[in-house]
Each structure stands twice: as structure tokens, then as C-alpha cells.
Amino acid sequence: MDSTSINLAPGVTGTDMHEVRLVGRGGQGVVTAGDLLGKAAVLEGRYAQSIPTFGPERRGALSQCTVRVSKDEILLKCSSTSPGVLVVLDSSIWHFAPITLGLVPGGRLIFNSTRPPAEIDAELRGGKYGYQPGIDDFEVLTVDATSIAMEILGRPITNTSMMGAFVGATGIISMDSLARVLEERFGEKAALNIQAAKAAAAGIRKIGD
Amino acid sequence: MTTEFWNGNMAAAQAVKRARVQLIAAYPITPQTHTVEYLSQFVNDGELDARMVKVESEHSALSACAGAAAVGARSFTASCSQGIQLMSEVMYFTSGMRFPVVMAIANRTLSVPVNIWPDHQDTLVNRDSCWLQIYAVSVQEVYDLMLMAYPIAEDPEVNLPLLISYDGFILSHASEPVVTITQEEADQFIQPPGQTDRAILDPENPLQFGEVLFPEWYPDYEYKKHRALADSLTVIDRTFRKFKEQFGREYHVVETEGTGDAEVVIIGIGSMMQTARYAASEMRKRGEKVGVANLRTFRPFPEEELVKAVGHAKTVLVLDRDIGYGTSGMVYQDVTRTFYHQEQRPELLNFIIGLGGKDITPKTIERCLELGKPGFTGQSVFWPDARGPKEGIPYSEGLTA
Amino acid sequence: MGMEKYEKFVKDAKDVLTYPPGWSLDNKTGAWRATKPVLDHERCTECGLCWLYCPEACIDSESFDIDYDYCKGCGICAEECRPGAIEMQREETGEGA
């Protein structure tokens, strides 16, 4: 997907605020991803917030993070209630959680999966994963972030790839800003992570692709 | 001055570094742990010249801080939940000795059932330990209030311990932009550590501390302690104004929004008050005159400022993220006492919300406003988060006029 | 993962919250698995090392079948398997719950 051709993902109605829900497993870097996306937005001169919610830490258990980006200060101090974007870092954990709760119309869902987006789309519309009848206006995208991470980083840590996919699919922050925060965070290892992010942004599959 | 993207624990640690704290002793407990981890990193990296004292419990942590304060040093600890309860005995000792120790609290509820998520039970049950209690509602505020902590606590008119509270996870683990200050700026604002006129342990000038006081004079000493806490409002206000002059960010002991013409005013402490501001502004768009008064300080309790903030509002909704078991929320108790002697007494309703980290969303606040409408049940204390006996009707209790 | 039962325990708690023995069987920790061990019975020599090493007692001592309801996907069995009969495969469907 070319970054010039994207439509911005929907924000919260009546504001310029974007609400993003990140979902994954403890140890996959969900919290780091939220933090870095927020940081990238702040680099762009905007206000951002990253609120992780997790239980007593356990590698492998469900981990979520809410990221909000706006031009003004954000007053909300709670987890996402009406996300416009859902980013799923893990390929299976989402089968067990109502991850789509509160999704706003026009929502964009990005899954780390090798499965065709149409298949996941059908499951969602069939009433799974917190789907609420009436909210039919959403788009399912997939990217095989695990393979990208294995190939480029040699480890199944998908957060940098999925951050790239997020940039590619929503345009809420720019790839340049993401690259800058990755450089700041990962130093020498940044180059490979940036490569993974870009590969994931290019590897997004839409229904019909 | 730069803008960083920090979580609440990092903001607290960075401000503590700016205050040139000399001794740090703490025992890890979720969600506070990072604060002290960051500080030990600063000490290791030579960014902060402080002594890290390894202790075996929170009781020892505060004891070490009190000991440092006894010789005139600036000391810091951090805790929450059961950790503060284990400290509790030393908390009373610290205030009684008039030691200006500062503590960061990443609020977490009390067990059992075991729960690591935020509510204000842990700090509010220690409301009578004669510590100043100041509540932050954003990560920027964690940083700013922590910068102001030592100037307030160590003021010769105060000399009392102080705690800065911020909700666990919602602020401790959440990142937000923070406008920072340089060490030079901090040094202009915060007096250097160790320079104090208060009585300290000094071999050159031997003194005895922690004396027995017989009943004849005990009330006199207690009254002084009580006044020092109550009167610290003046010092807090002065420090807030000085902070504004130097850094531009404005703080008040009661932060108000839309209270001027409000018919309903929402009162409470902690991060939920930001969500309440959001909800109130949404309600205003629909023509409902709702105002918000956030109590920045719970101890000292800002009575006069609160009465002013409520103005002519007919209804006051007090949100409590805590429960005084068997009665009402703890903030509510102080609010009702404050208004009892007022000529115009608003209707005062209490909402117990967000216990054990139950998320407080704009919907939660709107639900409270709905339940607070006249004649709903005729009772005064509502539990909208607990599932009531009937679908859609929460538990409510308490006498009203 | 047994949420309905869990809610019932909370609702029915007269005073202290208690759970009956065995209730954790409902907590199917297979959901934590990101990779899944798959045993190739052809190559398996039935040496029992996987059974011995599995920290979750998820491998049957006779059939060497893996209990995917509770296997957390740690990969120790695959690491220890001498003939290389256990392969860790990517989890895509979440059958563990």
C-alpha cells in the first residue's frame, strides 16, 4: 500500500482525536509499540497518550494498549472505548477476547496473520470477537508480520513490523517519525527494525488483493 | 526545556532527580516499582548523587527515610497498596517528628481479593496520618507536583511529610507528553538539600528526639501539628504561584472548570477528574450546566476554595474511588462536613466508582449525573459499578433530608 | 475461559470468595500459546524425554499425545526431543481455548 493513496483512519466523532487499540501477548512488545507510536506523534508536535492495560505480568497472556493522538491535550484517562483502529500483533490471542468492542464506523482492523483478510472479515461479521451488530462499516487488513520479523530480525517479535503496518494502513503518523523513534530507542538495531516496519507497510493485504 | 514522552513513574523519578534527593529507600510493589528502578539507574549512571538503601520491607524503607530526615538530609520513598499499610506505623512517626519526607504513590487498591489495579483506598485510609496528600491528574502534573513537593514539605511553616498520589497504570504506566525543566531551573526553584533550620540530629549540638509527652500537654502538641497541616494550604498556594511565575504552568488547590454557572458540580480526586472534565464538556454541548471541581489537595482539605467553587450549584456529585466501609466514600465525608454550616447547602450525593481499577469512562460519569437527577431513589450513596438487585438499578443507600 | 462460572462464584459468594477444587481446569492456558508443538509419531522413539521435561504435565506418559488445552507453547519438549520428532509450528487459529 502506497502512503500517498491512503485515507486517514477515522477519529473520534466530533474531534480530531484518533483512538487506537493495540492487542497482543505479554512479551511481544505491545506496551513498547504504544509508547513509540505516542512518541512519534509527539515528535510531530501533537499530543499523545499511551495507556497499557495488563494483568499481573505473564509472558504469553493477553496484553492491550490504548494510544490516543490529538492536536490538543487529551483529557480521557481510561482505556479505549471507541477505537477507530485496531492493531493485532499476535496471530492467535485475539480468538479469546472481545477485541472489537466499541469500534467506531469506518474502523480499520490490522491483523498479523497469514490468513486471507476476507476469511477474518467473515468471522467478524459472523459475530465473533466482540462484534456488535450494526457496526458493519469496517475494513479488515492483514500482514504476515511474524514472517517479516523472523526473516529480518530473526525473532518473532512483531511490534516494529506491526507499527510499520499501522503507519502504512492509517497514515496517523508518518514513516519518518516512526523511523526516528526507532532509531532513538534501538540504536544500532534500529536499521533492521525500520526495514521490518517498511516491509510490513508494503506487505498489507486488503480484501480482494 | 524539552518535551519528553514519559510515563508517570518516569516523570516522578525525573523530578526526584531534579530535587537532588540524597537518600532513597523503597521496596518494590506493582505499579510503583519502575520509579525506584529508574532512580537506581540514575544513581548508577552518576546522574544523581544519592544513597540507595536496600531494605527488607516498606516499614524499613520509610524508617530509613525518616532517619535521613533526622540528620537533615532530603529523602524519598515510593510505594502503594499493602506497602503503605506496612509503612503505616512509621507514617505517623514521621509526621509526629515533623520530618519532611516525600513519597510517591502509584495508587493501587488493598487486598483481598487480590487486585493490582488503581483506586484511592491505599492513600485515603492513611488520611489521618498527618501527611500532606496531593493528587495528580496527568503525567505532566506528576512531574510538576513532584518538583513542588520538597519546597512545600520543607517550608519552615510546614515541616511535614508529603505524598504525591497518581493512579496506578492509568498514570504510572501511561505515557504522555511532559514539558521538562533543566537542572539549573530546578536549582533556582528548589532550595538546595540539607539546608534547614529545623531541629536535626547533630553531634555538635546534641538533642533528644521522640520524647514521651504526658496527657497534660499532649493536646497542645497535637493542635500544633494539626494547624501546620491545615495552614500548609497557604504554603501550597504560594508554591503554586511561584511555580507559575517561573514555569508558566498554573495550579490551584481546587481546579475548576465550568463551575461559574453550573447547576451540578462534580467533585473528586485523581485522574478520573480529567475524564469528568471531558464528560462535563460533552454534557454542556447538550445544554446541561455541569461543572467540575478537582480537589488537588485532599490533605490539607481546601474547604473555603471548595465552597467558592461550588457557588450556587443545586447539586454536588462527589465521586469516590474508595469506600469508607460501613458509611460512604471518604472524600464525601469531608465535603458534607464542609457544606453543613453553609447557608445554601446543595444536595450532596456520593458515587462509589472505579474500585479495584474498574475503568472510569465518560459513560461512568454520565451515569452518575443521570442517577443524581432529583428523585431517583431519594438516597445519597450510589454504587453504579456494582451490579444491583435489578437490571439497571444500582445499589443505593444512606439517609437524606 | 470459564467466565460464566467465574461470575457465578462472585455473585454467589455469601462472604469470602472461594472457588471449588479443580476450577482452574476451566482456565485453559493453551490460549497463551504463540507456537504449538506437533509430534511426528513416525519419528518418535517413545523415549519419554518430552514427558519428563514438560513443565506443565501436558504430555501423556504412554501415547505422548500433547494436551493443547493447557500447553503454553514453551518449546522445551521440542528442544529436548533427541530424534527431532517435535516441531514448533505457528499458532494461527487459537484452538487452545
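Protein chains get the first letters and strands the later ones, always in sequence-line order, with residue 1 at the start of each. If you're wondering where the values come from, they're calculated on a predicted model, not measured in any experiment. Side chains are part of it too, since the values below use all heavy atoms of this structure and drop only hydrogens, waters and symmetry mates.
In this structure, the portions of B:Ser138 lying under 4.5 Å from any heavy atom of chain A include both its backbone and its side chain. Heavy atoms closer than 4.5 Å to chain B are found in both the backbone and the side chain of A:Ser50.
No side-chain heavy atom of A:Lys77 sits less than 4.5 Å from a side-chain heavy atom of B:Val137. Here the side chains of A:Cys78 and B:Ser271 are not in contact, with every heavy-atom distance at 4.5 Å or above.
Ranked by heavy-atom pairs under 4.5 Å with chain A, the first of B:Arg277, B:Met272, B:Gln140 is B:Arg277.
A:Ile51 and B:Ile170 make their closest contact through CG2-CD1, 4.1 Å (heavy atoms, listed as atom of the first residue, atom of the second, distance). Taking every heavy atom of both residues into account, A:Val42 and B:Phe5 meet most closely at CG2-CD1, 3.5 Å. Of all the heavy atoms in A:Tyr47 and B:Glu176, the pair that sits closest is OH-OE1, 3.4 Å.
For A:Lys198, the NZ atom counts as loosely surrounded, since its 6.0 Å shell holds 12 or fewer non-hydrogen atoms of other residues, nucleotides or ligands. Crowding of A:Arg180 atom CZ: a count of heavy atoms from other residues, nucleotides or ligands under 6.0 Å not exceeding 12. Heavy-atom neighbours of B:Arg387 CZ from other residues, nucleotides or ligands within 6.0 Å: at or below the threshold of 12.
Taken to the nearest 0.5 Å, the CG atom of A:Leu36 stands 9.5 Å off from the OG atom of B:Ser175. Residue B:Met10 holds its CE atom at 9.5 Å from CG of A:Asp35, rounded to the nearest 0.5 Å.
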